[in-house]
Amino acid sequence: KAGVTQTPRYLIKTRGQQVTLSCSPISGHRSVSWYQQTPGQGLQFLFEYFSETQRNKGNFPGRFSGRQFSNSRSEMNVSTLELGDSALYLCASSFVAIGVGQYFGPGTRLTVT
Amino acid sequence: SQQGEEDPQALSIQEGENATMNCSYKTSINNLQWYRQNSGRGLVHLILIRSNEREKHSGRLRVTLDTSKKSSSLLITASRAADTASYFCATPLGGGAQKLVFGQGTRLTINP
(Lines give C-alpha, C1' and ligand atoms only; values in the text may rest on other atoms or scores of the structure.)
Protein backbone atom coordinates (compact mmCIF):
# COMPACT_ATOMS: atom_id res chain seq x y z
CA LYS A 1 0.00 0.00 0.00
CA ALA A 2 1.42 3.37 -0.95
CA GLY A 3 2.16 5.77 1.89
CA VAL A 4 1.02 9.33 2.38
CA THR A 5 2.30 11.56 -0.37
CA GLN A 6 2.73 15.30 -0.31
CA THR A 7 3.41 17.69 -3.13
CA PRO A 8 5.43 19.69 -3.68
CA ARG A 9 8.29 18.64 -1.41
CA TYR A 10 9.96 22.03 -1.47
CA LEU A 11 8.59 25.47 -2.17
CA ILE A 12 9.94 29.00 -2.09
CA LYS A 13 7.50 31.86 -2.02
CA THR A 14 7.61 35.60 -1.47
CA ARG A 15 5.83 37.48 1.30
CA GLY A 16 2.28 38.35 0.35
CA GLN A 17 1.87 35.46 -2.04
CA GLN A 18 -0.38 32.49 -1.45
CA VAL A 19 0.44 28.80 -1.58
CA THR A 20 -1.46 25.53 -1.92
CA LEU A 21 -0.08 22.26 -0.62
CA SER A 22 -1.47 18.87 -1.51
CA CYS A 23 -1.74 15.62 0.40
CA SER A 24 -2.86 12.19 -0.75
CA PRO A 25 -3.64 9.86 2.15
CA ILE A 26 -3.16 6.13 2.31
CA SER A 27 -5.84 4.36 0.33
CA GLY A 28 -8.89 3.79 2.51
CA HIS A 29 -7.94 6.42 5.06
CA ARG A 30 -10.63 9.02 5.51
CA SER A 31 -9.06 11.30 8.11
CA VAL A 32 -6.42 13.79 7.02
CA SER A 33 -4.66 16.15 9.38
CA TRP A 34 -2.19 18.95 8.80
CA TYR A 35 0.61 20.10 11.07
CA GLN A 36 3.11 22.91 10.99
CA GLN A 37 6.60 22.26 12.33
CA THR A 38 9.01 25.06 13.16
CA PRO A 39 12.14 25.11 15.33
CA GLY A 40 10.54 27.60 17.71
CA GLN A 41 7.00 26.30 18.07
CA GLY A 42 7.54 22.63 17.36
CA LEU A 43 4.74 20.55 15.89
CA GLN A 44 1.42 22.34 15.89
CA PHE A 45 -1.93 21.03 14.77
CA LEU A 46 -3.55 23.00 11.97
CA PHE A 47 -6.76 21.14 11.15
CA GLU A 48 -8.29 17.75 10.52
CA TYR A 49 -10.72 16.67 7.82
CA PHE A 50 -12.92 13.63 7.68
CA SER A 51 -15.29 12.86 4.84
CA GLU A 52 -14.81 16.34 3.39
CA THR A 53 -15.71 18.06 6.68
CA GLN A 54 -13.36 19.94 8.95
CA ARG A 55 -13.73 18.28 12.34
CA ASN A 56 -11.21 20.26 14.32
CA LYS A 57 -9.02 23.30 13.93
CA GLY A 58 -5.93 24.51 15.70
CA ASN A 59 -5.08 28.03 16.77
CA PHE A 60 -3.98 29.48 13.47
CA PRO A 61 -5.20 32.64 11.74
CA GLY A 62 -7.78 32.52 9.02
CA ARG A 63 -5.04 32.79 6.40
CA PHE A 64 -4.64 29.07 6.87
CA SER A 65 -7.41 27.04 5.29
CA GLY A 66 -7.94 23.59 3.94
CA ARG A 67 -10.32 21.29 2.24
CA GLN A 68 -10.82 17.64 1.51
CA PHE A 69 -12.13 16.08 -1.64
CA SER A 70 -14.42 13.09 -2.07
CA ASN A 71 -11.42 10.84 -2.71
CA SER A 72 -9.98 11.95 0.68
CA ARG A 73 -7.18 13.94 -0.90
CA SER A 74 -6.64 17.19 0.91
CA GLU A 75 -5.21 20.59 0.21
CA MET A 76 -4.19 23.36 2.52
CA ASN A 77 -3.86 26.96 1.48
CA VAL A 78 -1.99 29.79 3.08
CA SER A 79 -2.82 33.26 1.84
CA THR A 80 -0.82 36.46 2.28
CA LEU A 81 2.32 34.62 3.28
CA GLU A 82 4.47 35.95 6.10
CA LEU A 83 8.09 35.17 6.90
CA GLY A 84 6.92 33.27 9.97
CA ASP A 85 5.03 30.82 7.78
CA SER A 86 8.33 29.26 6.76
CA ALA A 87 8.05 25.73 8.10
CA LEU A 88 7.76 22.07 7.37
CA TYR A 89 4.11 21.27 6.71
CA LEU A 90 3.20 17.71 7.48
CA CYS A 91 0.13 15.82 6.43
CA ALA A 92 -1.04 12.69 8.23
CA SER A 93 -3.80 10.21 7.57
CA SER A 94 -5.64 7.62 9.57
CA PHE A 95 -8.53 5.29 8.88
CA VAL A 96 -11.21 6.87 11.02
CA ALA A 97 -10.08 8.37 14.26
CA ILE A 98 -7.03 10.51 14.75
CA GLY A 99 -6.45 9.08 18.16
CA VAL A 100 -5.36 5.63 17.07
CA GLY A 101 -2.11 6.60 15.41
CA GLN A 102 -1.40 8.43 12.23
CA TYR A 103 0.70 7.89 9.14
CA PHE A 104 2.70 10.91 8.12
CA GLY A 105 3.86 12.07 4.75
CA PRO A 106 7.39 13.36 4.10
CA GLY A 107 6.27 16.97 4.41
CA THR A 108 6.48 20.10 2.30
CA ARG A 109 9.29 22.48 3.18
CA LEU A 110 7.98 26.02 2.62
CA THR A 111 10.38 28.92 2.64
CA VAL A 112 8.99 32.45 2.56
CA THR A 113 11.39 35.20 1.55
CA SER B 1 0.18 25.37 24.03
CA GLN B 2 2.03 22.08 24.23
CA GLN B 3 0.35 19.21 26.00
CA GLY B 4 3.50 17.21 26.45
CA GLU B 5 6.93 18.18 27.62
CA GLU B 6 9.85 15.93 26.97
CA ASP B 7 13.00 15.39 28.87
CA PRO B 8 15.81 15.54 28.05
CA GLN B 9 15.71 17.86 25.06
CA ALA B 10 18.84 16.20 23.74
CA LEU B 11 20.54 12.91 24.51
CA SER B 12 23.83 11.56 23.19
CA ILE B 13 24.90 7.99 23.94
CA GLN B 14 27.21 5.30 22.60
CA GLU B 15 25.96 2.62 20.28
CA GLY B 16 24.78 -0.38 22.23
CA GLU B 17 23.67 1.62 25.26
CA ASN B 18 20.06 2.11 26.28
CA ALA B 19 18.28 5.42 25.76
CA THR B 20 15.46 6.66 27.94
CA MET B 21 13.23 9.60 27.13
CA ASN B 22 10.48 10.98 29.30
CA CYS B 23 7.25 12.77 28.52
CA SER B 24 4.89 14.60 30.83
CA TYR B 25 1.42 15.75 29.92
CA LYS B 26 -1.21 17.93 31.51
CA THR B 27 -4.71 16.60 30.96
CA SER B 28 -6.41 13.22 31.06
CA ILE B 29 -5.76 11.09 28.03
CA ASN B 30 -7.17 8.04 26.27
CA ASN B 31 -3.80 7.05 24.95
CA LEU B 32 -0.29 8.32 24.40
CA GLN B 33 1.71 7.82 21.25
CA TRP B 34 5.40 7.97 20.43
CA TYR B 35 6.75 9.02 17.05
CA ARG B 36 10.20 9.19 15.52
CA GLN B 37 11.35 11.79 13.05
CA ASN B 38 14.53 11.53 11.07
CA SER B 39 16.10 14.85 10.22
CA GLY B 40 13.56 17.08 8.49
CA ARG B 41 11.34 14.24 7.37
CA GLY B 42 7.90 12.93 8.22
CA LEU B 43 7.07 11.25 11.48
CA VAL B 44 6.88 7.51 11.95
CA HIS B 45 4.43 6.08 14.46
CA LEU B 46 6.31 3.84 16.90
CA ILE B 47 3.93 2.73 19.58
CA LEU B 48 0.61 3.57 21.21
CA ILE B 49 -0.15 2.89 24.84
CA ARG B 50 -3.68 3.14 26.16
CA SER B 51 -4.58 4.78 29.43
CA ASN B 52 -5.40 1.42 31.03
CA GLU B 53 -1.99 -0.02 30.13
CA ARG B 54 1.12 0.44 32.20
CA GLU B 55 3.75 -0.99 29.91
CA LYS B 56 4.05 -1.99 26.30
CA HIS B 57 6.83 -3.51 24.23
CA SER B 58 7.61 -3.45 20.55
CA GLY B 59 10.93 -4.93 19.50
CA ARG B 60 13.64 -2.91 21.20
CA LEU B 61 11.13 -0.33 22.40
CA ARG B 62 9.56 -0.30 25.82
CA VAL B 63 6.99 2.31 26.79
CA THR B 64 5.59 2.89 30.23
CA LEU B 65 2.68 5.05 31.26
CA ASP B 66 1.92 6.40 34.72
CA THR B 67 -1.43 8.17 34.58
CA SER B 68 -1.22 9.21 38.23
CA LYS B 69 1.93 11.18 37.46
CA LYS B 70 0.79 12.06 33.93
CA SER B 71 4.05 10.81 32.53
CA SER B 72 5.39 8.29 30.05
CA SER B 73 8.82 7.01 29.18
CA LEU B 74 10.29 5.49 26.05
CA LEU B 75 13.21 3.12 26.41
CA ILE B 76 15.25 2.06 23.41
CA THR B 77 17.49 -0.88 24.23
CA ALA B 78 20.75 -1.79 22.52
CA SER B 79 20.77 1.43 20.52
CA ARG B 80 22.01 1.57 16.95
CA ALA B 81 23.28 4.42 14.80
CA ALA B 82 20.03 4.20 12.83
CA ASP B 83 18.12 5.18 15.99
CA THR B 84 19.54 8.70 15.69
CA ALA B 85 16.43 10.85 15.32
CA SER B 86 14.03 13.07 17.22
CA TYR B 87 11.42 11.35 19.32
CA PHE B 88 8.06 12.89 20.14
CA CYS B 89 5.27 11.93 22.45
CA ALA B 90 1.77 12.89 21.38
CA THR B 91 -1.67 12.77 22.90
CA PRO B 92 -5.04 12.98 21.17
CA LEU B 93 -7.21 15.79 22.48
CA GLY B 94 -10.46 17.45 21.54
CA GLY B 95 -13.93 16.03 21.14
CA GLY B 96 -13.58 12.62 19.62
CA ALA B 97 -9.82 12.83 20.04
CA GLN B 98 -9.55 14.65 16.76
CA LYS B 99 -6.46 16.69 17.57
CA LEU B 100 -3.00 15.24 18.14
CA VAL B 101 -0.82 17.39 20.37
CA PHE B 102 2.93 16.84 20.37
CA GLY B 103 5.66 17.45 22.88
CA GLN B 104 8.77 19.37 21.93
CA GLY B 105 10.72 16.20 21.34
CA THR B 106 14.01 14.64 22.40
CA ARG B 107 16.89 14.75 19.97
CA LEU B 108 18.72 11.40 20.27
CA THR B 109 22.22 10.96 18.86
CA ILE B 110 23.82 7.52 18.82
CA ASN B 111 27.59 7.70 18.54
CA PRO B 112 29.37 4.78 16.84
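The chains referred to below are lettered A, B, ... by the order of the sequence lines, with proteins before strands, and numbering in each begins at 1.
Nearest heavy-atom pair across B/Tyr35 and B/Leu43 is CB-CD2, 3.7 Å. Between B/Thr64 and B/Ser72, the shortest heavy-atom contact is O-OG, 2.8 Å.
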Anything under 3.5 Å between a donor and an acceptor, one on a side chain of residues 76-83 of chain B, the other on a protein residue two or more places apart or in another chain? List them.
residue, atom, partner, partner atom, Å
B/Thr77, OG1, B/Arg60, O, 3.3
B/Ser79, OG, B/Gln14, O, 3.4
B/Ser79, OG, B/Gly16, N, 3.3
B/Ser79, OG, B/Glu17, O, 2.8
B/Asp83, OD1, B/Arg60, NH2, 2.9
B/Asp83, OD2, B/Arg60, NH1, 2.9
B/Asp83, OD2, B/Arg60, NH2, 3.2
B/Asp83, OD2, B/Arg80, N, 2.8

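Of all residues in residues 4-14 of chain A, none places a non-hydrogen atom less than 4.5 angstrom from a non-hydrogen atom of chain B. Near-neighbour residues of residues 64-88 of chain A relative to chain B, defined by a heavy atom under 4.5 Å from a heavy atom of that chain, comprise A/Leu88.
Considering only residues two or more places apart in sequence or on other chains, B/Arg107 meets the salt bridge (Lys or Arg N to Asp or Glu O under 4.0 Å) condition with none of them.
The only member of A/Ser94, A/Ser31, A/Ser33 that meets side-chain hydrogen bond (donor to acceptor under 3.5 Å, both in side chains) when paired with A/Gln102 is A/Ser33.
Between B/Phe102 and A/Tyr35, the two ring planes are perpendicular [angle over 60°; tilted spans 30° to 60°].
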Would you please test B/Tyr25 and B/Leu32 for side chain to side chain contact (heavy atoms under 4.5 Å, CB included) and show each step?
CA-CA 9 Å; B/Tyr25 57 92; B/Leu32 186 141; 3.8 Å; yes
For B/Asn31 and B/Ile49, run side chain to side chain contact (heavy atoms under 4.5 Å, CB included): C-alpha distance rounded to whole Å, both residues' side-chain angles, the deciding distance at 0.1 Å, then the answer.
CA-CA 6 Å; B/Asn31 65 67; B/Ile49 186 165; over 6 Å; no
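Counting non-hydrogen atoms of neighbouring residues, nucleotides and ligands closer than 6.0 angstrom, the OH atom of A/Tyr103 reaches no more than 12 such neighbours.
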